[in-house]
Amino acid sequence: MPLYHKDIGLPKVSLPTGQFTLDYSSHAREEAVVDRYGNIKLPRVIDTSKAEVIEVETDTSGKVSKVLYRMQLDERRDICMPVIPRGLKLFVKTVWVNLRSDRHKTLDRSKYAKPAAK
(Lines give C-alpha, C1' and ligand atoms only; values in the text may rest on other atoms or scores of the structure.)
Protein backbone atom coordinates (compact mmCIF):
# COMPACT_ATOMS: atom_id res chain seq x y z
CA MET A 1 0.00 0.00 0.00
CA PRO A 2 1.61 3.26 -1.10
CA LEU A 3 2.34 5.83 1.60
CA TYR A 4 2.63 9.52 0.67
CA HIS A 5 4.00 12.51 2.59
CA LYS A 6 2.99 16.15 2.21
CA ASP A 7 6.61 17.24 1.63
CA ILE A 8 7.02 14.82 -1.28
CA GLY A 9 3.51 15.05 -2.71
CA LEU A 10 0.05 13.80 -1.86
CA PRO A 11 -2.06 11.94 -4.40
CA LYS A 12 -5.26 13.47 -5.74
CA VAL A 13 -7.68 11.39 -3.69
CA SER A 14 -10.88 12.05 -1.77
CA LEU A 15 -9.92 12.77 1.84
CA PRO A 16 -12.40 12.92 4.73
CA THR A 17 -13.68 16.50 5.02
CA GLY A 18 -15.73 18.09 7.77
CA GLN A 19 -16.24 17.11 11.39
CA PHE A 20 -15.93 13.49 12.49
CA THR A 21 -16.37 11.63 15.75
CA LEU A 22 -13.15 9.91 16.78
CA ASP A 23 -13.14 6.27 17.87
CA TYR A 24 -9.86 5.39 19.66
CA SER A 25 -8.11 2.02 19.72
CA SER A 26 -7.03 0.68 23.09
CA HIS A 27 -3.43 1.29 21.95
CA ALA A 28 -4.20 4.99 21.31
CA ARG A 29 -5.77 5.33 24.76
CA GLU A 30 -2.71 3.70 26.39
CA GLU A 31 -0.30 5.96 24.49
CA ALA A 32 -2.27 9.05 25.54
CA VAL A 33 -1.42 8.30 29.17
CA VAL A 34 2.32 7.71 28.68
CA ASP A 35 3.26 10.31 26.04
CA ARG A 36 6.66 11.92 26.61
CA TYR A 37 5.12 15.41 26.65
CA GLY A 38 2.50 14.56 29.24
CA ASN A 39 -0.98 13.11 29.41
CA ILE A 40 -3.02 13.76 26.26
CA LYS A 41 -6.63 14.83 26.62
CA LEU A 42 -8.07 13.03 23.62
CA PRO A 43 -10.42 15.12 21.48
CA ARG A 44 -13.86 13.61 20.81
CA VAL A 45 -14.13 15.09 17.33
CA ILE A 46 -11.89 16.38 14.60
CA ASP A 47 -12.59 19.20 12.19
CA THR A 48 -10.41 18.30 9.22
CA SER A 49 -10.32 21.95 8.08
CA LYS A 50 -8.31 22.73 11.25
CA ALA A 51 -5.92 19.78 10.87
CA GLU A 52 -2.87 19.40 8.67
CA VAL A 53 -2.62 16.27 6.52
CA ILE A 54 0.89 14.86 6.96
CA GLU A 55 0.59 11.42 5.35
CA VAL A 56 -1.91 9.55 3.19
CA GLU A 57 -1.92 5.81 2.57
CA THR A 58 -3.99 4.27 -0.20
CA ASP A 59 -5.01 0.70 -0.98
CA THR A 60 -4.30 -0.96 -4.32
CA SER A 61 -7.42 0.62 -5.87
CA GLY A 62 -6.34 4.14 -4.83
CA LYS A 63 -8.89 4.47 -2.01
CA VAL A 64 -7.65 6.20 1.15
CA SER A 65 -6.89 3.65 3.86
CA LYS A 66 -5.14 5.93 6.38
CA VAL A 67 -4.58 9.64 6.97
CA LEU A 68 -2.13 11.12 9.47
CA TYR A 69 -3.51 14.38 10.86
CA ARG A 70 -1.64 16.92 12.97
CA MET A 71 -3.61 19.56 14.84
CA GLN A 72 -3.25 21.93 17.75
CA LEU A 73 -3.74 20.31 21.16
CA ASP A 74 -2.91 23.34 23.29
CA GLU A 75 -0.72 26.45 23.13
CA ARG A 76 2.56 24.51 23.04
CA ARG A 77 1.66 21.05 21.72
CA ASP A 78 0.20 19.43 18.59
CA ILE A 79 -1.47 16.03 18.52
CA CYS A 80 -0.73 13.55 15.72
CA MET A 81 -3.35 10.94 14.89
CA PRO A 82 -3.17 8.29 12.18
CA VAL A 83 -6.80 7.50 11.38
CA ILE A 84 -8.69 4.97 9.31
CA PRO A 85 -11.85 6.38 7.68
CA ARG A 86 -14.98 4.46 8.72
CA GLY A 87 -18.07 6.26 7.48
CA LEU A 88 -19.06 9.09 9.83
CA LYS A 89 -16.30 8.14 12.30
CA LEU A 90 -12.56 8.03 12.10
CA PHE A 91 -10.77 5.15 13.86
CA VAL A 92 -7.62 6.44 15.59
CA LYS A 93 -4.84 3.81 15.55
CA THR A 94 -2.50 5.64 17.94
CA VAL A 95 -1.62 9.15 19.13
CA TRP A 96 1.46 11.13 20.01
CA VAL A 97 2.37 14.71 20.75
CA ASN A 98 4.90 16.98 19.09
CA LEU A 99 5.86 20.40 20.32
CA ARG A 100 4.27 23.03 18.07
CA SER A 101 7.78 24.31 17.30
CA ASP A 102 8.93 20.86 16.06
CA ARG A 103 8.76 20.68 12.25
CA HIS A 104 10.62 17.36 11.66
CA LYS A 105 13.24 18.32 9.11
CA THR A 106 14.71 14.79 9.05
CA LEU A 107 12.27 13.17 6.61
CA ASP A 108 13.31 9.71 5.34
CA ARG A 109 12.15 10.04 1.73
CA SER A 110 12.77 6.35 1.05
CA LYS A 111 9.66 5.43 3.06
CA TYR A 112 7.29 7.32 0.77
CA ALA A 113 5.92 7.04 -2.73
CA LYS A 114 5.74 9.93 -5.16
CA PRO A 115 2.29 10.53 -6.68
CA ALA A 116 1.98 9.80 -10.36
CA ALA A 117 1.78 12.86 -12.59
CA LYS A 118 -1.58 13.26 -14.29
Taking the six-membered ring of F91 (Phe, Tyr or Trp), confirm whether the NZ or CZ of R86 is under 6.0 Å from its centre and within 45° of its axis. yes
Student check: side-chain heavy atoms of V92 and D23 closer than 4.5 Å: no
If hydrophobic clusters are built from ILVMFWY residues whose side chains come within less than 4.5 Å, do L3 and V13 share one? no
Following the transitive rule for hydrophobic clusters with a side-chain heavy-atom cut-off under 4.5 Å over Ile, Leu, Val, Met, Phe, Trp and Tyr, establish whether L68 and L10 coincide in one cluster. no
Take V45 and F20 through the test side chain to side chain contact (heavy atoms under 4.5 Å, CB included) and record every step on the way to the result. CA-CA 5 Å; V45 298; F20 294 87; over 6 Å; no
Is there a side-chain contact between V64 and P85, using heavy atoms and a 4.5 Å cut-off? yes
So, do M71 and M81 sit near enough that their side-chain heavy atoms are less than 4.5 Å apart? yes
Hydrophobic cluster membership, with links at side-chain heavy-atom distances under 4.5 Å among I/L/V/M/F/W/Y: are I8 and V53 in one? no
CG (L88) with more than 12 external heavy atoms under 6.0 Å: no
Tell me, do Y69 and C80 make a side-chain contact under 4.5 Å, heavy atoms counted? no
Distance, nearest 0.5 Å, that separates CE of M1 from CG of D59: 6.5 Å
So, do L42 and V95 sit near enough that their side-chain heavy atoms are less than 4.5 Å apart? yes
Residue from H5, E55, E57 passing side-chain hydrogen bond (donor to acceptor under 3.5 Å, both in side chains) with Y112: E55
Would you mind reporting whether T94 and P82 have side-chain heavy atoms less than 4.5 Å apart? yes
Would the distance check show the side chain of N98 and the main-chain N or O of D102 forming a donor-acceptor pair, the cut-off being under 3.5 Å? no
Answer yes or no: is there an ion pair linking D78 with R100, defined by an N-O contact shorter than 4.0 Å? yes
Here the gap from S14 atom OG to K63 atom NZ, rounded to the nearest 0.5 Å, amounts to 10.0 Å
Yes or no on side chain to side chain contact (heavy atoms under 4.5 Å, CB included) for K6 and E52, after CA distance, side-chain angles and deciding distance? CA-CA 9 Å; K6 70 176 184 74; E52 180 181 15; 2.9 Å; yes
Taking the side chain as every heavy atom from C-beta outward, state whether P16 and L90 have any pair of such atoms under 4.5 Å apart. yes
Below 4.5 Å, heavy atoms only, C-beta onward: do V83 and K93 meet side chain to side chain? no
Inspect the surroundings of NZ in K89 and state if more than 12 heavy atoms from other residues, nucleotides or ligands are less than 6.0 Å away. no
Report yes or no: does R77 contribute a side-chain atom to a donor-acceptor pair with the main-chain N or O of Y37 at less than 3.5 Å? yes
Do any N or O atoms from the side chain of D35 and from the backbone of V97 form a donor-acceptor pair under 3.5 angstrom? yes
Hey, what do you get for OH (Y24) to CZ (R44), rounding to the nearest 0.5 Å? 10.5 Å
Hydrophobic cluster membership, V56 vs I79, 4.5 Å side-chain cutoff: yes
Rounded at 0.5 Å granularity, tell me how far CZ in R76 sits from CG in L99. 6.0 Å
